[in-house]
Amino acid sequence: QVRLVESGGGLVQAGGSLRLSCTATGTGSIDSINVMGWYRQPPGKQRELVAIIYSGGKTIYADSVKGRFTISRDNAKNTVYLQMNSLKPEDTTVYFCGLIAAMGNRDYQYWGQGTQVTVSS
């Protein structure tokens, strides 16, 4: 069973930095992990993309984090990172790790439990 283990959230002052990590375990049955990434869900709103990275290295960022956040991936460790710099109070919310994996002829999406990021003004 695939499980995503997140770490790195916490409390930081505006302008500060945090680094989120997410490792996928139980991946023995997976053919490949195609996409790994980070999403966030502000209270009362839908989950939104923050940044994703494909297995070949292509990245996509939300406009609101471009130039401040950097996503990277260690394929050998099935781990994705999100370096968050110049944090703003509006970045405060729960961040979720997600991945899309291929098994057989189908793709499957998995989610982590979420990690809280709080940016104080």
Side-chain angles (χ1 to χ4, degrees):
Q1 181 70 20
V2 176
R3 183 167 170 253
L4 301 182
V5 181
E6 301 148 326
S7 63
L11 172 64
V12 65
Q13 288 188 332
S17 298
L18 285 173
R19 188 188 193 216
L20 305 182
S21 298
C22 171
T23 298
T25 62
T27 59
S29 60
I30 290 177
D31 296 327
S32 63
I33 298 176
N34 298 328
V35 184
M36 297 188 79
W38 293 93
Y39 301 74
R40 62 189 182 187
Q41 187 164 13
K45 296 185 178 181
Q46 289 188 335
R47 192 168 296 185
E48 61 186 26
L49 181 147
V50 176
I52 58 173
I53 183 167
Y54 291 82
S55 57
K58 177 183 176 180
T59 58
I60 296 176
Y61 293 91
D63 288 342
S64 60
V65 306
K66 284 180 181 176
R68 300 188 298 124
F69 291 9
T70 302
I71 190 169
S72 60
R73 175 173 173 172
D74 186 331
N75 291 329
K77 296 181 179 180
N78 291 333
T79 298
V80 63
Y81 306 96
L82 186 68
Q83 178 66 44
M84 305 186 293
N85 298 329
S86 302
L87 281 160
K88 304 175 181 180
E90 51 263 44
D91 294 318
T92 295
T93 189
V94 179
Y95 285 69
F96 295 90
C97 175
L99 72 80
I100 297 175
M103 285 189 286
N105 295 323
R106 294 184 59 184
D107 288 339
Y108 295 83
Q109 186 160 30
Y110 298 92
W111 294 102
Q113 293 297 309
T115 185
Q116 176 70 41
V117 171
T118 302
V119 184
S120 63
S121 57

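Numbers for residues simply follow the sequence, beginning at 1. As the structure is a computational prediction, the values presented were derived from the model and not from experiment.
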(request) Taking atom types as modelled, find out whether T79 and T23 have a side-chain donor-acceptor pair closer than 3.5 angstrom. (result) yes
(request) Please list, chain by chain and in numerical order, all residues satisfying side-chain contact (heavy atoms from CB on, under 4.5 Å) with K66, sequence neighbours excluded. (result) Y61, D63
(message) I'd like to check the side-chain hydrogen bond (donor to acceptor under 3.5 Å, both in side chains) partners of R19; sequence neighbours left out, ordered by chain and number.
(response) none
(request) For the residue pair N34 and S55, confirm or rule out a side-chain donor-acceptor distance under 3.5 Å. (result) no
(request) Group every Ile, Leu, Val, Met, Phe, Trp and Tyr by side-chain heavy-atom contacts under 4.5 Å, then state whether I60 and L82 land in the same group. (result) no
(message) Please report the interatomic distance CG(L20) to OH(Y95), rounded to the nearest 0.5 Å.
(response) 7.5 Å
(request) Hey, could you give me the CD/CG distance between Q13 and L87, rounded to the nearest 0.5 Å? (result) 11.5 Å
(message) Using modelled atom types and a 3.5 Å cut-off, is there a donor and acceptor pairing between side-chain atoms of Q83 and backbone atoms of T70?
(response) no
(message) Does any part of the side chain of L18, heavy atoms only, come nearer than 4.5 Å to the side chain of M84, both counted from C-beta?
(response) yes
(request) Report yes or no: do I52 and Y81 belong to one cluster of Ile/Leu/Val/Met/Phe/Trp/Tyr joined by side chain heavy-atom distances under 4.5 Å? (result) no
(request) Measure the shortest side-chain to side-chain distance between V80 and I71 over non-hydrogen atoms and say whether it is less than 4.5 angstrom. (result) yes
(message) Strictly by salt bridge (Lys or Arg N to Asp or Glu O under 4.0 Å), give each pair with a member in residues 25-41 just once, sequence neighbours left out.
(response) R40-E48, R40-D91
(message) Please report the interatomic distance OG1(T59) to OH(Y54), rounded to the nearest 0.5 Å.
(response) 10.0 Å
(request) Can you see which heavy atom on S121 is nearest to which on A14, and at what distance? (result) CA-CB, 4.4 Å
Show me, pair by pair, the donor-acceptor contacts under 3.5 angstrom made by side chains of residues 96-107, not counting sequence neighbours?
none

(message) Check whether T92 reaches the backbone of V119 with its side chain - one donor and one acceptor, N or O, closer than 3.5 Å.
(response) yes
(request) Could you label the plane-to-plane angle of the Y39 and W111 rings as parallel, tilted or perpendicular, counting under 30° as parallel and over 60° as perpendicular? (result) perpendicular
(message) Take a 6.0 Å sphere around CD of Q109 and say whether it holds more than 12 heavy atoms from other residues, nucleotides or ligands.
(response) yes
(message) Test question: given the 4.5 Å side-chain rule for I, L, V, M, F, W and Y, name all other residues clustered with L11, or answer none.
(response) none
(request) With the side chain counted from C-beta on, respond yes when R73 and I33 share a heavy-atom pair under 4.5 Å apart, and no when they do not. (result) yes
(request) Give the cluster check for V65 versus V94: same hydrophobic cluster or not, with ILVMFWY residues linked at side-chain heavy-atom distances below 4.5 Å. (result) no
(request) Following the transitive rule for hydrophobic clusters with a side-chain heavy-atom cut-off under 4.5 Å over Ile, Leu, Val, Met, Phe, Trp and Tyr, establish whether L4 and I30 coincide in one cluster. (result) yes
(request) Kindly write out the residues that satisfy side-chain hydrogen bond (donor to acceptor under 3.5 Å, both in side chains) with T115, not counting sequence neighbours, or none if the list is empty. (result) none
(message) I'd like to know if V50 and I53 are part of one continuous hydrophobic network [Ile/Leu/Val/Met/Phe/Trp/Tyr, side-chain heavy atoms within less than 4.5 Å].
(response) yes
(request) Kindly give the heavy-atom pair with the smallest separation between Q46 and P42, and that separation in Å. (result) O-CD, 4.1 Å
(request) Work out which heavy atom in T93 is nearest to a heavy atom in P43; give both atom names and the distance. (result) OG1-CD, 4.2 Å
(request) Indicate yes or no for a side-chain donor-acceptor contact from Q113 to the backbone of E6 under 3.5 Å, with no hydrogens or angles considered. (result) no
